[in-house]
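Notes follow once the structure below has been shown.
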Amino acid sequence: MTQNFKPCVTEIVGSYWGDEGKGRVASFEASDARLVLRTTGGNNAGHTIYYQGNKIPLHLVPGGIIYPQTTVIICNGVVIDPNVLYDEIQLLNCYISVTPERLIVSDCAHIIMPYHIYLDWIQEKMRDANKIGTTNRGIGPCYEDEAKRIGIRMQDLFRSEESLRQKLELALGFHHEILESNGIYYNVDALYHFCMEVKEKIGKFIGNPESLIAKALAAGDKIVIEGAQADHLDLLWGDYPNCTSSQCNPSGTLSGAGIGPVYAKKVIATMKSYCSRVGSGPFPTELFNEEGDLIRNLGHEYGTTTGRPRRCGWLDLVAFPKTRGYTDICLNHLDTIGLIGQKLGYIKVCVSYTYQGNVTTTFPTDVEVTGEVPIPNYEVFEGGWEISSDCKSYTQLPQKAKDFIALIENVTNVPVSYIGIGPNNEDTIVR
Ligand code: IMP
């Protein structure tokens, strides 16, 4: 027997510390997709979609839902705050009709329970000087319960009352001491009531998406996965412990949907023409001076989910992950870095570090242990550029911008196939 896999999955993943603008390329790729999936993270992620001139902020529902031919699925790997999901459905319903045919919530996805949000706050407080700077949405504690095998999943809402109460009692048994010592009191009645409210609000969207995904894979229909967070925030391969609690690298992003690697057709790394990070953790090219302020202001680097000002710095090509098999790069903010270059008279790109006395092109994994921050070695571009509003193709870009792109391609060995040259999704050059 010969197998006949049809690679038809396009994944969009952040390649640094998140907020690289996945929404732009996700929206472009979803326009002719059959299925659009979210597979990791929760409402710690966020992007804004535009529909008929309206701005719609989304944290859970894949933005691809705005295209009439798509079905969108929130897969097993996602942890779901049901009230946030319900509010998003209500908001989307103002513009399109969100039916159970258009949106499926996996019955195996875990629910962020109200106590997870408190536990996130409490655990951050306990970490004291070593705070991660989480989004305080209960993401980590929910995944912890998943690993402990005491999580409450969407399908649990359909258990008998007695069986659900037993599950809630077990979960609460693990947490009530720490909650109560922090003045937070929950009982099984309140949690059962919460679950019934959730069932009432979103129950009709809950189902098993496997047959739908299997059918699309068998037919070779286009499937787009909107990644969440980013490679350096991955629990396994990111900057542990300053990372999120899911595997948001390209393999984990596929795994969250239960899709095998043979189906990957395109793995798109999103990146900006500079770097930013929220929360704690290593950031070798971070700028603490007016250069950083300029990037933050011109790039509007304030969190969509939390509103926090982001840490900003020069583009760091050493930090670009080298083993993930990215097939394409979506480079955003090419216009912004050009303006920064015009204002400062230069643009810098990090191409190696000096770390522990040696020059290296490998991102060190032990900065938490050594306490040493790698010193970036930069390639410097003189001046900057302005991209005219009628620029529609790569050939129309200023030569300096092309040189900047060439450096990225040479160092990463990945083609820059999508280029963001303005704030709107249409301001994208596709090569
Ligand atoms: P958590 O995911 O809320 O547990 O936060 C863990 C770390 O990941 C913190 O440093 C957060 O700031 C960061 N983080 C989580 N989600 C995102 C995101 O979507 N963009 C950027 N950083 C994120």
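In each ligand, atom 1 is the first atom listed, and ligand 1 is the first ligand listed. Side chains included, hydrogens not; waters and symmetry mates left out as well; all remaining heavy atoms used.
- Closest heavy-atom contact between P209 and I73: CB-CG2, 3.6 Å.
- Around the CH2 atom of W385, the shell of radius 6.0 Å holds more than 12 heavy atoms that belong to other residues, nucleotides or ligands.
- Inclusion of D120 in the set of residues having an N or O under 3.5 Å from an N or O of ligand 1 is not warranted.
- For ligand 1, the polar-atom distance check finds no N/O of N136 at less than 3.5 Å from any of the ligand's N/O atoms.
- Ligand 1 has an N or O atom lying under 3.5 Å from an N or O atom of N44, backbone or side chain.
- Judged as a salt bridge (charged side-chain N to carboxylate O under 4.0 Å, His left out), not a single pair has a partner in residues 78-94 (not counting sequence neighbours).
- Taking the six-membered ring wherever Trp is involved, the centroid distance between the rings of Y346 and F381 does not fall below 6.0 Å.
- Of the candidates L233, N43, D19, it is L233 that places a heavy atom closest to atom 13 (C) of ligand 1.
- The shortest N or O to N or O distance between T134 and ligand 1 is not under 3.5 Å.
- Close approach of ligand 1 to W17 (heavy-atom distance below 4.0 Å) involves ligand atoms 21 (C), 22 (N).
- Look at R308 and you'll find a heavy atom under 4.0 Å from some atom of ligand 1.
- A salt bridge does not link D156 to K199: none of the charged side-chain nitrogens sits closer than 4.0 Å to a carboxylate oxygen.
- In this structure, Y118 has its ring center no closer than 6.0 Å to that of H175.
- Only backbone heavy atoms of C243 (N, CA, C or O) come within less than 4.0 Å of ligand 1; its side chain stays farther off.
- Centroid-to-centroid, the aromatic rings of F320 and Y326 come within less than 6.0 Å.
- The shortest N or O to N or O distance between Q229 and ligand 1 is below 3.5 Å.
- When the heavy-atom distances from atom 3 (O) of ligand 1 to I132, T135, N242, V278 are ranked, the shortest goes to T135.
- The ring pair (Phe, Tyr, Trp, His ring centres under 6.0 Å) contacts involving residues 264-287 comprise W17-F283, Y274-H333, where partners must be two or more places apart or lie in separate chains.
- Close approach of ligand 1 to A45 is summarised as follows: ligand atoms under 4.0 Å from at least one heavy atom of the residue are 19 (O).
- The shortest N or O to N or O distance between G133 and ligand 1 is under 3.5 Å.
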